[in-house]
Amino acid sequence: MRRTTDKNAFDPKTLYQLGYGLYVLTARDGEKDNGCIINTAMQVASDPLLVAVGVNKQNYTCGLVQKTGLLNVNSLTVDTPFEVFRHFGYQSGRTVDKFVGKPPARSSNGLPILTEHTGGFLSLSVRQEIDAGSHVLFLCAPTEGCLHPGTETVTYAYYQRHIKPKPASTPKQKGFVCSVCGHVYEGDTLPADYICPVCKHGAADFVPM
């Protein structure tokens, strides 16, 4: 069936049909380990073998990767508790040591790897860095990888439906809610340049309440 649309119209919700996994990206600079939640990691070429990883520029981990050129991608599984997402995604490594009191396991490149709630990891070496506006896209060559058979990688849709806590029932208010982390901006109009203070995503990821 032929469909027609207004060429000037764009509904941000159309992006929801794209599939996303959820991962903990880890990096290290000197004695400083860090990790953050990302949803963009994919193989984009086979010859040479390249993996693309997208990271928000405001994430502390992004700067570590830019400085060192090394990163690990740990794939999270469907049994991952919300606390893992909160720990790595709802606080900044600039002010919190996310590995304090629990020395992590490490891959051959010296970076942290997760040993629980993970389907495996990829160690990557950056070959090219692309400025993508709010994010940096790193094109990387794999240097090491480990797969945990029998695990199921969590998708963003599964996280939203089954892992992320449902908000408590409150009187209806005017505002916009971040479709990534659930942060609420109260007000009649959302500024076009608004950045979520929790997950650092932009206004395009907010929907009216």
Side-chain angles (χ1 to χ4, degrees), residues 20-46 48-76 80 83-147 153 156 178 180-181 183 193-202 204-205:
Y20 298 95
L22 287 170
Y23 315 90
V24 173
L25 170 67
T26 55
R28 178 177 174 85
D29 181 25
E31 297 301 312
K32 176 68 172 180
D33 292 317
N34 199 57
C36 68
I37 299 289
I38 62 169
N39 65 1
T40 306
M42 67 195 78
Q43 180 183 341
V44 292
S46 58
L49 181 58
L50 289 175
V51 173
V53 178
V55 190
N56 193 297
K57 290 178 180 177
Q58 296 193 36
N59 284 356
Y60 176 65
T61 314
C62 184
L64 298 185
V65 175
Q66 289 179 306
K67 183 176 181 179
T68 65
L70 299 175
L71 60 151
N72 284 350
V73 173
N74 302 266
S75 59
L76 297 175
T80 305
E83 171 59 25
V84 173
F85 295 95
R86 189 205 65 78
H87 182 76
F88 285 104
Y90 284 57
Q91 55 186 350
S92 173
R94 292 184 180 89
T95 56
V96 174
D97 184 346
K98 298 183 182 181
F99 291 97
V100 66
K102 190 177 181 180
R106 298 188 184 277
S107 54
S108 298
N109 61 9
L111 304 186
I113 56 174
L114 273 61
T115 56
E116 297 180 320
H117 310 298
T118 175
F121 74 90
L122 273 173
S123 293
L124 303 169
S125 178
V126 177
R127 293 292 181 263
Q128 185 179 353
E129 180 182 321
I130 300 173
D131 188 324
S134 62
H135 287 58
V136 175
L137 187 66
F138 297 104
L139 294 182
C140 310
T143 58
E144 184 181 1
C146 177
L147 180 67
T153 301
Y156 177 70
C178 178
V180 176
C181 71
H183 173 73
D193 59 351
Y194 185 73
I195 300 295
C196 178
V198 176
C199 69
K200 311 305 181 186
H201 282 245
D205 290 310

Restricting to non-hydrogen atoms, name the atom on A27 and the atom on L70 that form the minimum distance, rounded to 0.1 Å.
CB-O, 4.2 Å
Do the side chains of D131 and K57 get nearer than 4.5 Å, heavy atoms only?
yes
Non-hydrogen atoms of A105 and T115 that approach each other most closely
CB-CG2, 3.7 Å
What I'd like to find out is whether the side chain of V24 reaches to under 4.5 Å of the side chain of L76, using heavy atoms alone.
yes
Tell me, do V73 and V53 make a side-chain contact under 4.5 Å, heavy atoms counted?
yes
To the nearest 0.5 Å, atom CD of Q128 lies from atom CG of L50 at 8.5 Å
Non-hydrogen side-chain atoms of S108 and T143 separated by less than 4.5 Å
no
For the residue pair P142 and V51, what are the closest heavy atoms and their distance?
CG-CG2, 4.0 Å
If you look at every heavy atom in R28 and L111, which pair is closest and at what distance?
CB-CD2, 3.4 Å
For K67, I'd like to know if atom NZ has over 12 heavy atoms of other residues, nucleotides or ligands within 6.0 Å.
no
Interatomic spacing from SG in C140 to CG in L122 - rounded to 0.5 Å
10.0 Å
For a 4.5 angstrom cut-off between non-hydrogen side-chain atoms, does S75 reach Y23?
yes
In terms of side-chain heavy atoms, does S125 have a donor or acceptor partner in R127 at a distance below 3.5 Å?
yes
For the residue pair Y20 and Y156, categorise the inter-ring angle as parallel (less than 30°), tilted (30 to 60°) or perpendicular (more than 60°).
perpendicular
Set of side chain to side chain donor-acceptor pair (under 3.5 Å) partners for S107, sequence neighbours left out
N72, N109, S123
Shortest non-hydrogen separation from G54 to H135 and the atoms involved:
C-CD2, 4.3 Å
If every non-hydrogen atom of I113 is compared with every non-hydrogen atom of N74, which pair is closest and at what distance?
CA-OD1, 3.4 Å
Can you name the side chain to side chain donor-acceptor pair (under 3.5 Å) partners of Q91, sequence neighbours left out?
H87
Begin from the C-alpha positions of V55 and L25 and carry the test side-chain contact (heavy atoms from CB on, under 4.5 Å) through to its verdict.
CA-CA 9 Å; V55 190; L25 170 67; 3.5 Å; yes
What distance do R94 atom CZ and N59 atom CG have between them, rounded to the nearest 0.5 Å?
7.5 Å
All side chain to side chain donor-acceptor pair (under 3.5 Å) counterparts of Y60, not counting sequence neighbours:
none
With rounding to the nearest 0.5 angstrom, report the CG to NZ distance, D33 to K102.
13.5 Å
Nearest 0.5 Å, what's the NZ-CG distance between K32 and L64?
8.5 Å
pair T26-F99: side-chain heavy atoms closer than 4.5 Å
yes
Using only heavy-atom distances, determine whether the side chains of D29 and T68 contain a donor-acceptor pair under 3.5 Å.
no
Distance, nearest 0.5 Å, that separates NE2 of H117 from CD of E83:
10.0 Å
Flag the pair T40 / M42 as yes when at least one side-chain heavy-atom distance between them is below 4.5 Å, and no otherwise.
yes
